[in-house]
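All of these numbers come straight from a predicted model, not from anything done at the bench.
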Amino acid sequence: MEFVYGGSKANQKTVLGHPSGLFVLFFTEMWERFSFYGMRVLLVNFLTMAITGVNNPGWGWSAEQAGALFGTYAGLLYITPILGGIIADKLTGYKWAVVIGAFIMTLGHASMALETETSLYIGLTLLVLGTGFFKPNMTSIISEMYTKVPEKKDGAYTIYYMGVNAGAFFGMMLCGYLAETQGWAYGFGLAGIFMLFGTLQFWLAAPLFGEIGEVPKKEKSMTKATEKTNHFTNIDKILIAVSSVIGLLYLLNDPSSKIANINLLPEVFLGISEHLSGPTELIIIGLFIFLFLVISRIIRYEKVVRDRMVALIVFALFTVFFWMSFEQGATSLIIFARDYTQRELVGNYAIIFNIINTLLTVIPLAIISWVLWLLYKQTHNTIKTSNWILILSFLAIWIVVGGMLYREFSADVTTVTVAWFSTLNSFFIIAFASFFSKWWESKYNPTSAQKYGLGLVLLGIGFAFLSYGANRIPSDAVAGSVKVSMIWLIMAYLFHTLGELCLSPLGLSQVSKLVPAKMIGFMYGMWYLAIAIGNKLAGSLGGKIEAITEAYDLSTFFLIFTIVPIVAGIIITLLNKTLVRKMHGIQ
């Protein structure tokens, strides 16, 4: 069967009922997520690992320093795609933007593997810039590919999303395993190698896409209705610039002041309170400027549009609360897994874990290898070199997996890696995504506010398990001296993932439904800003784990992340009827 898509003059054979080009994107995104999550799961662990007295020393940073750096890195990852999308629209086109971004990220991972402080900062900078080009334009290619068959788009994104989670799963498992058993450079290096594979196989598969992903043609005609839309004034542009500069300086100042004692912002600004530092006062001012900008824009629209945008802002606010807690998975939960979780297994427990781990690893890898075989059969004459790069990369994965499983089955004591727990998020998404999808399509489909409320409450319940499990760890416990069962982390990741499935897929969909065309770009930017703020707060608050544990105990630290999401979930649920009215029929 052949498939004509998106205006391309080339007919393409199908794989599982979809154009073969979709599966090139599937594997490109899989390797990008492999490298991204593989590095992400290592960063805080590496930075905070003791310098001496351990088999695999790190840099011995405090949790506060590591959290500040990670929070800024994660926050910037959701801001640069705004610029990357604009550059692709106007200059490079989507395909070249993806290639440029993937190549820059490959250099970033290579720099990270050198393990020097300079190379670390260079690597993180390159990863942020590369993600800006890569992240928004992969989905743009899919959207353009299905312009003539929009009814197949949902299925395409489902397949693509599986590639995202498969890459995250194997990246965290294998990069984490090599880093914790062989050395940090091996983990960082493996992430870079597979980012390179992803870059090459996408670039060499270009003939498959025809005209898809080229620089969009400019529309010459403009209707009078478009000419009269709500344009940005000069004052609007000034407010955007001022709030952006303040926000960027704050993001950079936090780690630079904590790590290198370099202050990009004044330590004292207004001095209105001894509890507020100069940078904190400035970021509050920046947020008020941005809020004024958003409100001044909204009130210029007629009532229905205005109400819908108000509803979107409410959802964005609660998105901050969600990601602030959820992204503890990259900071405080890493430290909890390493220092306070019993990960050494012997006897029957070790055998059971190794069997489960084998099934979790081999079955998904076998399924994805089968998909690769289907792609090869359909495209081996068209993109032969690209396919062989994929085949070699999968052979490498099978070798690493085989070595890992052989080593664990042969060992007298099985040590579960810190990174293994992070893979549970991807596994649970794959396991439960279809259930939630069917629920949302049934007559029992909740409203958006109810989904948000449920997602936040489930997230809080996950932290409740951690708070209860950590209850027996005293505040003065030395890392490694008291360890609790891994069941608490497993249950936490289960409920965190269930919460993510309720809330995360709604965001960008709501922007496209609730916002007028003229404001789409701005409101997408605002949505990514909300996620960036949530990620920054996650890093900063996660870095407080040592201070809060010392002052109170570890159970209290996790109790904070139990109460905040649950209270937020209850509040947005109570706002359900109001938000339904504000959305004026949009579901």
Donor-acceptor under 3.5 Å (Thr80 side chain, Val128 main chain): yes
CD1-CG distance between Ile572 and Leu503, expressed to the nearest 0.5 angstrom: 7.5 Å
Ser332 (side chain) donor-acceptor with Gly542 (main chain) under 3.5 angstrom: no
Gly75 to Asn535 - nearest heavy-atom pair and separation: N-CB, 4.1 Å
Heavy-atom closest contact (Lys536 atom, Ala68 atom, distance): NZ-O, 3.0 Å
Result of checking Phe26, Phe27, Phe209 against Phe202 for ring-ring contact (aromatic ring centres under 6.0 Å, His included): Phe209
Taking every non-hydrogen atom, the tightest pair across Gly247 and Ile283: CA-CD1, 3.9 Å
Ser296 side chain to Phe292 backbone, donor-acceptor under 3.5 Å: yes
Evaluation steps, side-chain contact (heavy atoms from CB on, under 4.5 Å), between Phe435 and Leu501: CA-CA 10 Å; Phe435 166 78; Leu501 286 167; over 6 Å; no
No-hydrogen, no-angle side-chain donor-acceptor test under 3.5 Å, Thr573 and Asn576: no
Candidate pair Phe428 and Tyr493, rule ring-ring contact (aromatic ring centres under 6.0 Å, His included), full reasoning: CA-CA 8 Å; Phe428 288 138; Tyr493 275 108; 8.2 Å; no
With Phe463, the ring-ring contact (aromatic ring centres under 6.0 Å, His included) member among Phe557, Phe326, Phe561: Phe561
Flag, side chain of Thr72 to backbone of Leu251, donor-acceptor distance under 3.5 Å: yes
Polar side-chain atom of Glu29 near backbone of Val164 as donor-acceptor pair, under 3.5 Å: no
Beyond-backbone contact of Ile571 with Phe318, side-chain heavy atoms, under 4.5 angstrom: yes
Working for side-chain contact (heavy atoms from CB on, under 4.5 Å), residues Thr92 and Ile100: CA-CA 9 Å; Thr92 64; Ile100 292 168; 4.2 Å; yes
Value rounded to 0.5 Å, distance of CE in Met526 from CZ in Phe290: 6.5 Å
Ser504 side chain to Glu500 backbone, donor-acceptor under 3.5 Å: no
Side-chain (Ser111) to main-chain (Gly108) donor-acceptor, under 3.5 angstrom: no
Atom pair OG1/CG of Thr131 and Leu76 - distance to nearest 0.5 Å: 10.5 Å
Ala168 versus Tyr37, closest heavy-atom pair with distance: CB-CD1, 3.4 Å
Leu249 and Val245: CA distance, side-chain angles, deciding distance, side-chain contact (heavy atoms from CB on, under 4.5 Å) verdict: CA-CA 6 Å; Leu249 286 175; Val245 169; 3.9 Å; yes
Test item: Asp307 side-chain N/O and Lys582 main-chain N/O as donor-acceptor pair under 3.5 Å: no
Check: Ser257 side chain, Asn263 main-chain N or O, donor-acceptor pair, under 3.5 Å: no
Straight-line distance of Ser426 OG to Arg33 CZ, nearest 0.5 Å: 10.0 Å
Where Ile566 and Val457 come nearest, the two heavy atoms and their spacing: CG1-O, 4.0 Å
Closest heavy-atom pair and its distance - Leu77, Lys135: O-CD, 4.4 Å
Donor-acceptor contact below 3.5 Å, side chain Asn253 vs main chain Tyr250: no
Step-by-step side-chain contact (heavy atoms from CB on, under 4.5 Å) determination, Phe315 to Leu579: CA-CA 9 Å; Phe315 286 125; Leu579 290 171; 4.1 Å; yes
Ring geometry between Phe34 and Trp31 (parallel below 30°, tilted from 30 to 60°, perpendicular above 60°): perpendicular
